[in-house]
Amino acid sequence: MSVSIRQTTPYEGQKPGTSGLRKKVSVFQQPNYLENFVQSIFDSLEGFQGQTLVLGGDGRYFNREAIQVILKMAAANGFGRVLVGQGGILSTPAVSCIIRKYRAFGGIVLSASHNPGGPSEDFGIKYNISAGGPAPEAVTEAIHARSQVISQYKILEAADLDLDQIGATRLGAMAVEVIDPVADYAELMGRLFDFEKIRALFAGGFRMRFDAMHAVTGPYATRILEDLLGAPKGTVIHGTPLPDFGGGHPDPNLVHAHDLVAEMFGANAPDFGAASDGDGDRNMILGRGFYVTPSDSLAVLAANATLAPGYAAGLKGIARSMPTSQAPDRVARALGLPCFETPTGWKFFGNLLDAGMATFCGEESFGTGSDHVREKDGLWAVLMWLNLLAELKRPVDGIVRAHWARYGRNYYSRHDYEGVDSRAAEGLMAHLRAHLAVWSGQSLNGFTVAQADDFAYTDPVDGSISRKQGIRVIFTDGSRIVYRLSGTGTEGATLRVYIERFEADPARHDQDPQTALAGLITLAGQLAEIEHRTGRSAPTVIT
Ligand code: G16
């Protein structure tokens, strides 16, 4: 086996977004496209010679081909060992867990997360650092810069490896271990949660449905929920990862997880419902006829954290992304904990977790997690909820209503306008920026603006500043409208509008969020001139 140095030319636009580089499969299939990006990752790192790399993906179309290329390039570039998931499968949180457990140099995750898969759909690649989390901006910027001047890459001339047999093999001088994708992750979950109590819950007839959406959490959920915790067979649906996710959109929200939602809101619904996304880092939580917003889920889990053995000593702090509702802030205040507001994207939580400043983190986009790994973790959230349900012995809606009664309810909704013309979207954001100073202090449709700004974040650990992280219009009663453009879409632009209003009175906690937020929703459309600028009279997805 010999190392080839192949000549190449740069591709424009190999710029990692909110979490990695995401493009259509056909883009990744262009000659040297994947190779250029992988070599750019390796060229941006120092000190990995002889070290361990973790490698796996969510099983989507092109996963296996990409893994074979990356293995040969890792060998040619001098990695000492690669731990690769059997069948090329590793969830994003499992990659983080394995990097940390085996003190790997880093990891590569192949996924476009919740975006659809298949020959005409999306593929993605992201690099995770030795702490287990997504590469910080300095690293992703270095990778992008390198990709724009790359002229050659190194690859081992070798046959493809069998990824389906667990065991050790070699690729040139590099060791390759095909590992059970679930074992290390399941062992970590067993240390954080009271599996005995959850087992007793299921043994007592508690019924659950977990929708793996034909994505990566199928094997994880089946092993943990059905095999280890004794949930009846069939608790996990759509449990086999498929290259096209069965034609579905592996995004656990009310629109895309429709089978689960129909069951949970139908007659004879199970006690608890949950779903995860393509790469296993997102979660949606449902009770019988009841939907828990991700922001509320973070707040409820934080308020009850000490019920789980892994968090019995209490939390050090809570962190949420800026557009996430302020419900967790209320819990932090009551518990006397610091609460951090970070830009969108899990990478911003890494420093807070590493520094021991926060224990639980969350994003409104169905992301919840803790300091056990450095990624959001779908099944972790599900198990945390199961631990609470086993301890509190109340239904999901009862737990959330009791939470609102104590802390108040933050009505919350996100409106997405997908596939908008990119120039129109940029124009809309520029229009908002130009009006921030004008709106400050004004009364708009009866809502008085306390503050209007473009969110900037100074990392309290390393002092780095991230600017232009979303337009915030904050009103005197604490209500907010937030506007951002997505950093993960692959077609046109996606405008996200986040709307929030606080309601203290328990007698008014039973409204439909769209009704409770109607005045702010109208105002959000007017301020940004959404219909005029995008031609859209309604959002594509409401969550
Ligand atoms: C979206 C969400 C973010 C999330 C990001 C990555 O980003 O709004 O909260 O961090 O996806 O999530 P995942 O790792 O599951 O792909 P954006 O930029 O599209 O709003």
Side-chain angles (χ1 to χ4, degrees), residues 15-23 57-58 60 91-96 109-117 122-128 133-137 140 213 215-217 249-253 256 275-284 293-295 297-298 319-325 341-350 361-369 373-381 412-420 422 425 429 455 457 466 468-471 482-498 539-541 543:
K15 189 171 171 52
T18 318
S19 43
L21 181 70
R22 283 186 197 166
K23 301 282 176 194
D58 63 9
R60 70 179 57 226
S91 76
T92 288
V95 167
S96 190
V109 188
L110 301 169
S111 170
S113 189
H114 49 288
N115 294 9
D122 293 352
F123 190 74
I125 173 167
K126 59 182 173 174
Y127 179 70
N128 280 26
E137 261 175 346
T140 55
M213 305 188 84
V216 80
T217 45
H249 194 137
D251 195 355
N253 62 34
H256 296 307
S276 190
D277 71 329
D279 62 334
D281 56 2
R282 296 186 173 202
N283 72 93
M284 177 170 67
T293 67
S295 302
S297 179
L298 173 63
R320 63 163 174 84
S321 69
M322 183 273 281
T324 302
S325 98
E341 185 175 40
T342 60
T344 295
W346 207 259
K347 63 187 170 209
F348 292 101
F349 295 133
C361 307
E363 295 194 274
E364 51 65 42
S365 52
F366 300 89
T368 332
V373 291
R374 292 295 180 273
E375 290 277 6
K376 55 187 179 269
D377 187 344
L379 265 172
W380 173 89
Y412 186 84
S413 186
R414 181 174 110 181
H415 289 199
D416 291 340
Y417 297 79
E418 296 174 330
V420 169
S422 297
M429 293 302 283
F455 181 60
Y457 175 68
S466 305
K468 293 195 165 187
Q469 297 295 321
I471 303 293
V482 172
Y483 304 87
R484 282 182 64 247
L485 296 186
S486 159
T488 59
T490 54
E491 269 177 37
T494 294
L495 169 68
R496 303 202 196 282
V497 186
Y498 312 78
T540 337
V541 179
T543 46

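Just so you know, residue 1 is the first one in the sequence shown, and it goes up from there. Remember, it's 1-based here, ligands and their atoms both numbered in the order they're listed. No hydrogens, no waters, no symmetry mates; every other heavy atom, side chains included, goes into these values.
Of the protein's non-hydrogen atoms, the one nearest atom 7 (O) of ligand 1 is Thr488 CG2, 3.6 Å. Ranking protein heavy atoms by distance to atom 6 (C) of ligand 1, first place goes to Ser19 OG, 3.3 Å. The protein atom (non-hydrogen) at minimum distance from atom 14 (O) of ligand 1 is Lys376 NZ, 3.0 Å. For atom 9 (O) of ligand 1, the nearest non-hydrogen atom of the protein is Ser365 OG, 2.5 Å. From the protein, the heavy atom lying nearest to atom 1 (C) of ligand 1 is Arg282 NH2, 3.7 Å. Given atom 13 (P) of ligand 1, the protein heavy atom at minimum distance is Ser113 OG, 3.2 Å. Counting protein heavy atoms only, atom 4 (C) of ligand 1 is closest to Glu363 OE1, 3.5 Å.
Among all heavy-atom pairs drawn from Thr344 and Ser321, the shortest one is CA-CB, 4.1 Å. Taking both residues in full, the closest heavy atoms of Ala493 and Ser422 are given as N-OG, 3.8 Å, listed atom of the first, atom of the second, then distance.
Counting heavy atoms under 4.0 Å from ligand 1, residue Glu418 does not touch it at all. Counting heavy atoms closer than 4.0 Å to ligand 1, residue Ser486 contributes atoms from both its backbone and its side chain. Contacts with ligand 1 closer than 4.0 Å are made by side-chain heavy atoms of Asp281 only, the backbone lying farther away.
With sequence neighbours excluded, the residues satisfying side-chain contact (heavy atoms from CB on, under 4.5 Å) with Thr293 are Tyr291, Ser295, Asp296. With sequence neighbours left out, Glu418 forms a salt bridge (Lys or Arg N to Asp or Glu O under 4.0 Å) with no residue at all.
At a 4.0 Å cut-off, not a single heavy atom of Glu375 sits close enough to ligand 1 to count as contact. Contact annotation: Gly345 has at least one heavy atom less than 4.0 Å from an atom of ligand 1. Within the 4.0 Å heavy-atom shell around ligand 1 one finds Arg22.
Which parts of ligand 1 touch Gly487 is read off a 4.0 Å heavy-atom cut-off, strictly below it: atoms 17 (P), 18 (O), 19 (O). The ligand atoms of ligand 1 that sit less than 4.0 angstrom from a heavy atom of His114 are 15 (O), 16 (O). The ligand atoms of ligand 1 that sit less than 4.0 angstrom from a heavy atom of Arg484 are 8 (O), 17 (P), 18 (O), 20 (O). Close approach of ligand 1 to Arg496 (heavy-atom distance below 4.0 Å) involves ligand atoms 8 (O), 17 (P), 19 (O), 20 (O). Less than 4.0 angstrom separates some heavy atom of Arg414 from each of these atoms of ligand 1: 8 (O). Heavy-atom proximity to Thr344, at under 4.0 Å, picks out these atoms of ligand 1: 3 (C), 8 (O), 9 (O).
Annotation: side chain of Ser466 is in contact with side chain of Glu137 (closest heavy-atom distance under 4.5 Å). Side-chain contact between Leu379 and Pro93 is absent, with no heavy atoms from C-beta onward closer than 4.5 Å.
Under a 3.5 Å cut-off, the side chain of Ser91 and the backbone N or O of Thr217 do not form any donor-acceptor pair. For Arg414 (side chain) and Arg496 (main-chain N/O), no donor-acceptor pair under 3.5 Å exists by modelled atom type. Using modelled atom types, one side-chain atom of Ser111 and one backbone atom of Ser113 make a donor-acceptor pair closer than 3.5 Å.
We find that Lys376 and Asp277 are not joined by a salt bridge, their nearest charged nitrogen and carboxylate oxygen being 4.0 Å or further apart. The existence of a salt bridge linking Glu363 and Arg320 is excluded, since no basic side-chain nitrogen approaches an acidic carboxylate oxygen closer than 4.0 Å.
Below 30°, between 30° and 60°, or above 60°: for Tyr457 and Phe348 the angle between ring planes is above 60°, a perpendicular geometry.
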